[in-house]
Amino acid sequence: INNNHFRFRKLPTSFSSTYHNLVYAQTGFNYTFCNEKVALALLLTPISGGRIHFSKPVDSTFSFTSHSKELSRISTAYVALTPCIAVKVIDNCTIGEHFFGVSGDYTVGRLRVHGLSGPFYLSSIGSVSPNNVTNKGPSYAQGYAIRGGYLGKLTDWLSIGFTYRSKTFMSPFSRYKGLITPHGKTDLPATYMGGIAIKPFRDTTIAFDVGRILNKDVKFLGNPIFNSALVFTPANKAQRRGADNGAGLGWHSRTVYKVGLEQIFADSFSGRIGYNYAKNPQTPKKVGSIGQSFYNPSIMKADYDFWNWH
């Protein structure tokens, strides 16, 4: 993830936040049998995560805290262990080769929040559990999802594919049940994607994909942000952080675009490079809100993938 520096110009006092450069690795293996008509695989893959540091202590009223020397920091990480099976269902010289696959994700998540303060976080005004908002050390959650996919090799030079991953149903981050809606539970959104791959040369593949991340279907991601104007109204009880349908991040679902290149150098070595892009899921006019931005480590607007060998 590229190192980014964000300034919140719409707030009464200026401060900034910084993402750190991160390197992720994934690994796995596969085994084919039945004359290469069936394949089994096991993958270990990072799904989402990152770290963000605010340059000065901040509170939920969008100002620096004079009573605290602690800097606000948030880190998240999600890693999935995925067993897979794929079957070649059609092998015909006229209509090509066609494969279907299914898999299941076992996902482990880690969240750590440090240095949040202010009445909109640390009191019953803004949270259903103000003692479970910040400075609780790392909290872990686990969840499950299913995936399905199709690959069609129509010709020697053209392939098409489609994949779908269900929502990942996570257990709560219990140490932060007063911060995450609802009650510390933040699922991962469902995604779907389709694409084509072209082989201009025998050992070269160029791929183009487009997909959708359904953020709006996850309460913590898609619910409206905390509205301080409702604090002293009956509506405040329902919007408190951690409530059944409480405040979220106000994210939109977003479209993802990917392009990649693979070059095979030998039977046991191939090189890959790829680029992913998606617009920020936050509303541009509201991106100055800390309430929307504190969970930004899980946003990747653009990322790059490099060499892979097997």
Side-chain angles (χ1 to χ4, degrees), residues 1-2 22 24-28 30 41-50 76-86 99-111 141-152 159-171 173 180-182 185-197 207-223 248-260 262 272 274-283 292 295-305 308:
I1 305 175
N2 289 333
L22 297 174
Y24 288 113
Q26 60 183 5
T27 187
N30 72 290
L42 184 65
L43 304 175
L44 183 64
T45 310
I47 297 179
S48 180
T76 61
Y78 291 89
V79 178
L81 182 66
T82 306
C84 318
I85 181 170
F99 306 79
F100 288 92
V102 294
S103 62
D105 283 355
Y106 169 68
T107 302
V108 175
R110 180 185 186 272
L111 171 65
Q142 57 185 345
Y144 304 90
I146 59 173
R147 301 179 186 233
Y150 159 77
L151 172 64
S159 300
I160 60 174
F162 179 83
T163 183
Y164 171 80
R165 187 189 74 196
S166 72
K167 180 190 292 187
T168 303
F169 296 92
M170 299 292 295
S171 63
F173 290 109
I180 307 297
T181 294
K185 187 175 184 291
T186 173
D187 298 328
L188 296 178
T191 63
Y192 59 86
M193 186 164 294
I196 64 172
F208 305 91
D209 294 337
V210 60
R212 190 78 171 158
I213 303 174
L214 305 180
N215 292 321
K216 289 290 288 184
D217 294 339
V218 176
K219 287 185 177 181
F220 177 62
L221 301 181
N223 280 10
L249 301 183
W251 288 5
H252 301 291
S253 297
R254 59 179 182 159
T255 302
V256 181
Y257 304 92
K258 300 186 177 187
V259 61
E262 179 185 55
R272 294 176 181 173
Y275 175 75
N276 301 344
Y277 173 81
K279 289 184 178 180
N280 195 313
Q282 299 166 316
T283 302
Q292 265 198 323
Y295 210 68
N296 270 2
S298 62
I299 296 177
M300 281 189 260
K301 185 175 181 180
D303 69 88
Y304 307 87
D305 300 312
N308 175 62

Verdict with supporting geometry, Q26 and L43, side-chain contact (heavy atoms from CB on, under 4.5 Å): CA-CA 8 Å; Q26 60 183 5; L43 304 175; over 6 Å; no
Steps toward side-chain contact (heavy atoms from CB on, under 4.5 Å) verdict (V259, Y257): CA-CA 7 Å; V259 61; Y257 304 92; over 6 Å; no
Chi angles and distances behind the side-chain contact (heavy atoms from CB on, under 4.5 Å) call for Y78, D105: CA-CA 11 Å; Y78 291 89; D105 283 355; over 6 Å; no
Check against side-chain contact (heavy atoms from CB on, under 4.5 Å), T27 and L44: CA-CA 5 Å; T27 187; L44 183 64; 3.9 Å; yes
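A donor-acceptor pair under 3.5 Å links the side-chain atoms of S253 to the main chain of N215, judged by distance alone. A donor-acceptor pair under 3.5 Å links the side-chain atoms of R165 to the main chain of P189, judged by distance alone. Side-chain N or O atoms of R110 include none that pairs as donor or acceptor with a backbone N or O of A77 at under 3.5 Å.
Contact between S103 and P83 at its shortest, heavy atoms only, is CB-O, 3.1 Å. Taking each heavy atom of T168 and G143 in turn, the nearest pair found is CG2-C, 4.1 Å. The heavy-atom pair separating R254 from A278 by the smallest distance is NH1-CB, 3.7 Å. The shortest heavy-atom contact between M193 and D209 is SD-CB, 3.7 Å. Nearest heavy atoms, Y164 versus A190: OH-CB, 4.0 Å. D187 approaches V218 most closely through the heavy-atom pair O-CG1, 3.4 Å.
Distance check, rounded to the nearest 0.5 Å: NE2 of H252 to NZ of K279 gives 11.5 Å. For the atom pair T186 OG1 and L249 CG, the distance stands at 8.0 Å (nearest 0.5 Å). Interatomic distance, W251 CH2 to L221 CG, rounded to the nearest 0.5 Å: 5.5 Å. Note that OH of Y277 is 10.5 Å distant from OG1 of T255, once rounded to the nearest 0.5 Å.
The 12-atom threshold is exceeded at CG of L81, counting heavy atoms of other residues, nucleotides or ligands nearer than 6.0 Å.
Among the candidates V108, T191, L188, the single residue satisfying the side-chain contact (heavy atoms from CB on, under 4.5 Å) test with I47 is L188.
Applying the side-chain hydrogen bond (donor to acceptor under 3.5 Å, both in side chains) test to T45 and every residue at least two apart in sequence or in another chain returns nothing. For the ring pair (Phe, Tyr, Trp, His ring centres under 6.0 Å) test, residues two or more places apart in sequence or in another chain that qualify with F100 are Y150.
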